[in-house]
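First up is the structure itself, then whatever we jot down about it.
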Amino acid sequence: MERIRPVPVKPVVSVFSADEALLAAVAGELARWLGGPDYESPLLSFDQTRYYEREMGPGLKRRFYAFSRLIDAAELVALKRWAIEAEARWRHDGRRRVNIDPGYVSLAKLVLATTKDNVHRIYLGEGIYAEVTLYFCKGRFHPWPWTYPDYASPEYRAIFERIRELYREQLRAAKQG
């Protein structure tokens, strides 16, 4: 029986740190694997929660990157494992200096990878779970009750709608080519 190949997805990565230079360093390392970023969000204040301040300090800034190479959704496990290892490489005095959260955009959803289980998360393997964080319906991304407040914000949803449009254009071009 022939295996049906799923439609490839667009990798997206959230990176936040108090050191803005680390944002670009992470994007540069990811570019070697995923191709250059074809979307880079504006620099965003990471102020929806203070959860990370104790470990990473105040003044955290976030940037979202989307990458040009489309991937098989199953690669999300390897992408999250890489993120965990990269965060460890950039530690200083035992403290994390950068947070790297990979996921992907498809036409229907934004999926994020996590190491934390919950009722709405699906185990993928190697200690990694997937969460559908936003779903696309009637021309817009919408949050679920469990969606983090920053991802539920109109500003973040607009970012992912733009990334989805880039992805849609890539799929269209691939079909024609």
Side-chain angles (χ1 to χ4, degrees), residues 9-20 22-24 26-27 30 34 37 39-67 71 73 75-88 90-91 95-167:
V9 295
K10 187 161 194 64
V12 296
V13 180
S14 158
V15 185
F16 65 85
S17 176
D19 180 352
E20 291 180 34
L22 280 176
L23 306 180
V26 169
L30 283 165
L34 300 170
Y39 176 86
E40 182 177 309
S41 76
L43 194 60
L44 305 161
S45 292
F46 187 82
D47 55 11
Q48 291 278 340
T49 178
R50 300 183 75 181
Y51 177 82
Y52 296 92
E53 280 187 14
R54 186 168 172 206
E55 180 182 16
M56 298 176 70
L60 297 173
K61 300 291 183 192
R62 170 186 262 164
R63 202 177 292 275
F64 289 101
Y65 298 94
F67 293 87
I71 63 171
E75 287 185 68
L76 185 57
V77 172
L79 194 53
K80 182 63 176 177
R81 301 296 313 160
W82 176 88
I84 291 166
E85 292 167 11
E87 288 178 1
W90 276 305
R91 282 184 181 270
R95 298 175 80 162
R96 197 163 36 155
R97 296 177 51 223
V98 64
N99 181 284
I100 307 167
D101 287 323
Y104 64 79
V105 167
S106 73
L107 292 177
K109 60 193 169 281
L110 166 68
V111 174
L112 296 179
T114 181
T115 58
K116 300 171 197 82
D117 190 13
N118 208 319
V119 297
H120 60 282
R121 294 177 177 160
I122 304 296
Y123 186 68
L124 300 177
E126 299 183 45
I128 307 302
Y129 298 82
E131 171 186 292
V132 178
T133 300
L134 299 171
Y135 67 95
F136 194 82
C137 182
K138 298 182 180 176
R140 306 200 64 83
F141 273 114
H142 301 274
W144 298 96
W146 56 77
T147 301
Y148 295 115
D150 48 356
Y151 281 86
S153 73
E155 179 181 24
Y156 280 32
R157 288 186 287 151
I159 287 169
F160 291 108
E161 287 163 8
R162 176 66 187 126
I163 293 169
R164 182 187 180 275
E165 183 58 30
L166 291 171
Y167 169 64

Please set out all donor-acceptor pairs under 3.5 angstrom arising from side-chain atoms of residues 106-118, sequence neighbours excluded.
residue	atom	partner	partner atom	Å
Ser106	OG	Ala108	N	3.2
Ser106	OG	Lys109	N	3.2
Thr114	OG1	Lys116	N	3.1

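Residues Arg62 and Leu23 have side chains not in contact (no heavy-atom distance under 4.5 Å, counting atoms from C-beta outward). Looking at heavy atoms from C-beta onward, Met56 lies out of side-chain contact with Tyr51 at the 4.5 angstrom threshold.
Applying the 6.0 Å contact sphere to OH of Tyr123 captures more than 12 heavy atoms from other residues, nucleotides or ligands. Atom CZ of Arg91 has more than 12 heavy atoms from other residues, nucleotides or ligands within 6.0 Å.
The side chain to side chain contact (heavy atoms under 4.5 Å, CB included) check on Asp19 picks up Ser17, Ala21, Leu22, Arg97, with sequence neighbours excluded. The side chain to side chain contact (heavy atoms under 4.5 Å, CB included) search around Trp144 returns Val132, Tyr135, Trp146, Thr147, not counting sequence neighbours.
Of all the heavy atoms in Tyr156 and Ser45, the pair that sits closest is OH-O, 4.2 Å. Heavy atoms only, all atoms of each residue included: Ala66 and Lys10 are closest at CB-CE, 3.9 Å. Closest heavy-atom contact between Pro58 and Ala18: O-CB, 3.7 Å. For the pair Val98 and Glu87, the tightest heavy-atom approach, listed with the atom from each and the gap, is O-CG, 3.4 Å. Of all heavy-atom pairs between Gly103 and Leu76, the closest is CA-CD1, 3.7 Å. Contact detail for Phe160 and Phe141: the closest heavy-atom pair is O-CE1, 3.3 Å.
Figure legend: Arg164 and Phe136 shown as a cation-pi pair, the cationic atom lying under 6.0 angstrom from the six-membered ring centre and within 45 degrees of its axis.
Arg50 and Glu53 are joined by a salt bridge, as a carboxylate oxygen and a charged side-chain nitrogen come within less than 4.0 angstrom of each other. Taking a cutoff of 4.0 Å between a charged side-chain nitrogen and a carboxylate oxygen, Lys61 and Glu20 do not qualify as a salt bridge. With respect to Arg96 and Glu55, a salt bridge is recorded, a charged nitrogen being found less than 4.0 Å from a carboxylate O.
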Report the C-alpha separation of Asp150 and Asp47 in whole Å, then their side-chain angles, then the decisive distance to 0.1 Å, and conclude whether the side-chain contact (heavy atoms from CB on, under 4.5 Å) test is met.
CA-CA 9 Å; Asp150 48 356; Asp47 55 11; over 6 Å; no
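The aromatic rings of Phe46 and Phe16 lie parallel to each other, with less than 30° between the two planes, well short of the 60° mark.
Side chain to side chain, Thr133 and Glu131 meet the donor-acceptor criterion of an N or O pair below 3.5 Å.
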